[in-house]
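Both ligands and their constituent atoms are indexed starting at 1 by order of listing. The analysis underlying the following values was restricted to heavy atoms, covering all of them including side chains, and did not include hydrogens, waters or symmetry mates.
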Amino acid sequence: MRRAKVSIIGAGHVGETIAILIAREELADVVLLDILPGIPKGKGLDIAESSAAAKFDSHIAGTSSYEEISHSDIVVVTAGLPRKPGMTREDLLKKNASIITEVAKNIKKYSPDSIVIMVTNPLDVMSYLLWKVTSFSEKKVVGQAGVLDSARFSYFIAEELDVSTEDIAALVLGGHGDSMVPLPRYTTVSGIPITELLDKETIDSLIERTRKGGDEIVNLLNKGSAYYAPAQAVYNMAESIIKDKKRILPSSCYLSGEYGLKDIFMGVPAKLGSSGVEEIIELKLKAPELASLKESAKICKEKIQIALEASAHLMGGKGKVASSATCRGGRKK
Ligand code: APR
């Protein structure tokens, strides 16, 4: 039987960690691609050599050539630049929009049938941009944030209650960062809503820690951002797609009216299977929850507009990747 193939664009911290997880679990063969010469080949070879000691048979190869991503079942995009001194968030957004435009064109050219999982931040914006540039079906582009945010929320709850993380099912929607929308009433411990186990003040403090979860790691690391938990989140999504598990995972998906939002990627519960995003689950949100989601979408649309303008230069004209609706916004990671 042919093993699935996952190509990872960007062999930095997140990319290499995803590669190891996928290879060790024999979920797929892996191609690790980066713009830097030598690095992806070196990392790929290092992981491949570990296979003899760890006893796994997935093939892994590093490359700087897009031809090697052909026939991928999934392409994971982690390529991007971190913010440098003197660079504004808007500068970074434009720079990463240029990178994602280039990456998207290559995915379209070399692996047009793949399903893409976007990780580069701001990922709702970058998911939208990649979807526009590739003109892939909206089912075949999905962003990772909700699984990570839900994992962080679950971990903090498990720590607070001193229970196993295994029994916790948490749900976080919306954007990544300050505008995320954790849903305590849909968050349970062995089926028991956390609202019955923790007081409001404690839940609020866990939500706040979840919102700032990325910053907490950045501040501790001093250089770079989180990669173990983001990589595991991507693994879970890729596994659901490759094994057609049809798990319901909070994912950044293209919305065409769900939750009253249109022409945008936002974090919502989605069924992930072999066709990609197979269904979006629409929860009956309460007015303040819906308001938070809409606020999250507003911020996202502003960033999308900036990203589209940056991308248009590379596409040889403004109109080529114009949004389908008036857009202003994005998401932070
Ligand atoms: N094509 C391919 N790879 C590229 C390109 C490009 N045009 N531009 C940059 N890269 C590569 C870099 O060379 C680097 O190896 O992307 C990689 C990014 O890796 P890191 O800087 O280590 O960043 P990482 O921690 O992996 O995060 C990647 O994921 O979680 C998000 O916010 C995070 O957007 C960031 C992304």
Side-chain angles (χ1 to χ4, degrees), residues 7-21 31-44 46-47 62-69 72 75-84 87 89 91-111 116-127 129-130 133 142-149 151-152 175-178 180 212-235 237 251-252 267 303 307 310-311 314 330-333:
S7 294
I8 302 165
I9 316 298
H13 286 113
V14 179
E16 69 187 4
T17 312
I18 297 167
I20 293 172
L21 290 172
V31 171
L32 195 52
L33 183 147
D34 202 283
I35 197 167
L36 298 174
I39 302 279
K41 270 206 164 117
K43 289 185 178 180
D46 195 11
I47 298 171
T63 185
S64 297
S65 161
Y66 273 97
E67 279 171 23
E68 292 190 42
I69 74 164
S72 298
V75 178
V76 180
V77 180
T78 74
L81 291 184
R83 187 144 64 114
K84 300 199 175 107
M87 212 179 189
R89 283 194 189 281
D91 292 338
L92 180 66
L93 177 61
K94 288 179 180 166
K95 184 72 206 156
N96 280 340
S98 311
I99 291 173
I100 296 306
T101 303
E102 207 51 52
V103 169
K105 287 201 280 188
N106 281 299
I107 295 173
K108 183 175 174 149
K109 180 169 177 191
Y110 292 103
S111 204
V116 181
I117 301 178
M118 175 58 70
V119 185
T120 304
N121 277 306
L123 73 102
D124 300 307
V125 180
M126 297 306 163
S127 300
L129 182 60
L130 183 134
V133 175
V142 61
Q144 184 292 121
V147 179
L148 167 63
D149 294 330
R152 284 184 175 142
H176 189 51
D178 291 342
M180 73 179 68
K212 304 262 185 280
D215 292 345
E216 187 176 356
I217 305 274
V218 166
N219 292 337
L220 288 167
L221 294 180
N222 210 13
K223 198 171 169 222
S225 49
Y227 47 98
Y228 292 119
Q232 183 63 51
V234 171
Y235 178 88
M237 294 171 78
S251 311
S252 182
K303 291 187 189 161
S311 172
L314 287 170
R331 167 200 286 181
K332 160 191 157 190
K333 186 165 184 174

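Within the 4.0 Å heavy-atom criterion, the part of L36 lying near ligand 1 is the side chain and not the backbone. When non-hydrogen atoms are compared, ligand 1 lies under 4.0 Å from neither the backbone nor the side chain of P230.
Interface atoms of ligand 1 facing G80, defined by a heavy-atom separation under 4.0 Å, are 9 (C), 10 (N), 16 (O), 18 (C). Counting the atoms of ligand 1 from 1 in the order shown, those under 4.0 Å from a heavy atom of T120 are 34 (O). Interface atoms of ligand 1 facing T78, defined by a heavy-atom separation under 4.0 Å, are 18 (C), 28 (C), 36 (C).
With contacts defined as side-chain heavy-atom distances shorter than 4.5 Å, the pair I8/L33 does not qualify. The side-chain heavy atoms of L32 and T63, taken from C-beta on, include no pair separated by under 4.5 Å. Looking only at side-chain heavy atoms (C-beta outward), M126 and V77 stay at 4.5 Å or farther from each other. Residues Y66 and I9 have side chains in contact (heavy-atom distance under 4.5 Å, counting atoms from C-beta outward). Between L81 and I99, the closest side-chain pair of non-hydrogen atoms falls below 4.5 Å.
Taking any N or O of I99, backbone or side chain, none lies under 3.5 Å from an N or O belonging to ligand 1. Any N or O atom pair closer than 3.5 Å counts here, and D34 shares at least one such pair with ligand 1.
The backbone N or O of A97 lies less than 3.5 Å from no partner atom in the side chain of S311, so there is not a single donor-acceptor pair.
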